[in-house]
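Keep in mind that the numbers below use all heavy atoms, side chains included, and drop hydrogens, waters and symmetry copies.
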Amino acid sequence: MRAQLARVDAVLIQAVIAAALSFAHLHDVASAAGQDGWKAWAYPISVDLLLVAAWRRLRSGEAKAAGWCWFVIALAASLGANVATAGLLDLDQVPAWLRILVAGWPAVAFLGGTLLAHSAPPAGANDDVEEPGEFKHENVAPDPEPPEQPAIEPTPERPAVPVPAALVEHARKVAAEHHTRTGAPIDAPTLRARLGVPAPMAEAIAAHL
């Protein structure tokens, strides 16, 4: 446990030292390029925030190409400032191209941060999410047919339950379709299940068929 804490503490100390040095170098380059006052302090923060946004995109596992692209851009800005302040650049005579890069960096950082933080999800991410009020059509197995029942002979007397003529015509179509499909006449229980009517009504309809 102590060894693990020692490793963590060493990493944190190293990170603080690197961040402080990089922050100071970026500030010095920005100040030398004409961005004095509070503007020189804002440049290191902008670079660090872009690095953090790119690192979070890489950790998320989505659109890693964009994450690596902006991570390399922010890292190049940080490393460039570190190298430039190591004696390779005369901070009293900053070239025009460096002034242009420093002046254009805020727009580049804003574009990169916006694309990393507010980009649309990858294609196919919401394919399985149903919109409200919409239902997916899935292949549903048809209900098993009820077992065949022995045909019931219609009674000669007229049934007591009144049956509308339209319902009788519809029942004839259902009976014909059942006979074509099964080869047997439809019975009252099956007719009741197909039409959704009470048992007396189904028997009365069967008597009309």
Side-chain angles (χ1 to χ4, degrees), residues 1-140:
M1 185 65 179
R2 291 182 179 179
Q4 184 177 4
L5 290 176
R7 287 196 299 270
V8 172
D9 292 342
V11 172
L12 290 177
I13 294 173
Q14 184 66 23
V16 171
I17 294 174
L21 292 175
S22 179
F23 195 94
H25 293 161
L26 286 167
H27 169 269
D28 294 344
V29 171
S31 179
Q35 308 296 328
D36 53 354
W38 66 269
K39 293 181 288 185
W41 294 105
Y43 275 84
I45 299 175
S46 175
V47 173
D48 291 342
L49 288 178
L50 185 58
L51 277 172
V52 172
W55 178 247
R56 290 189 63 182
R57 173 57 64 89
L58 293 175
R59 290 292 300 272
S60 68
E62 299 177 356
K64 286 190 174 182
W68 276 115
C69 177
W70 290 105
F71 184 83
V72 170
I73 291 175
L75 186 62
S78 180
L79 290 178
N82 295 338
V83 174
T85 55
L88 300 180
L89 179 66
D90 185 5
L91 296 181
D92 296 329
Q93 298 293 332
V94 177
W97 61 266
L98 182 57
R99 293 178 181 273
I100 294 174
L101 288 179
V102 172
W105 172 257
V108 175
F110 176 75
L111 176 63
T114 301
L115 293 177
L116 290 172
H118 301 287
S119 59
N126 297 328
D127 289 347
D128 295 334
V129 179
E130 295 183 5
E131 295 295 334
E134 295 184 0
F135 300 92
K136 289 188 175 181
H137 298 281
E138 299 180 356
N139 294 329
V140 181

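- Applying the side-chain contact (heavy atoms from CB on, under 4.5 Å) test to A40 and every residue at least two apart in sequence or in another chain returns H27, A30, S31.
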Show every donor-acceptor pair shorter than 3.5 Å between a side-chain atom in residues 104-112 and any protein atom, with sequence neighbours excluded, or say none if there are none.
unit_1, atom_1, unit_2, atom_2, d
W105, NE1, S46, OG, 3.2

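- For residues 64-77, no residue pair satisfies the side-chain hydrogen bond (donor to acceptor under 3.5 Å, both in side chains) rule, not counting sequence neighbours.
- In terms of the side-chain contact (heavy atoms from CB on, under 4.5 Å) criterion, residue partners of W97 (sequence neighbours excluded) are, by chain and number, P95, L101.
- With sequence neighbours excluded, the residues satisfying side-chain contact (heavy atoms from CB on, under 4.5 Å) with R56 are V52.
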Per-pair distances, 0.1 Å, donor-acceptor, side chain in residues 72-84, under 3.5 Å, sequence neighbours excluded:
unit_1, atom_1, unit_2, atom_2, d
S78, OG, S22, OG, 2.7
N82, OD1, H25, ND1, 2.7
N82, ND2, S78, O, 3.3

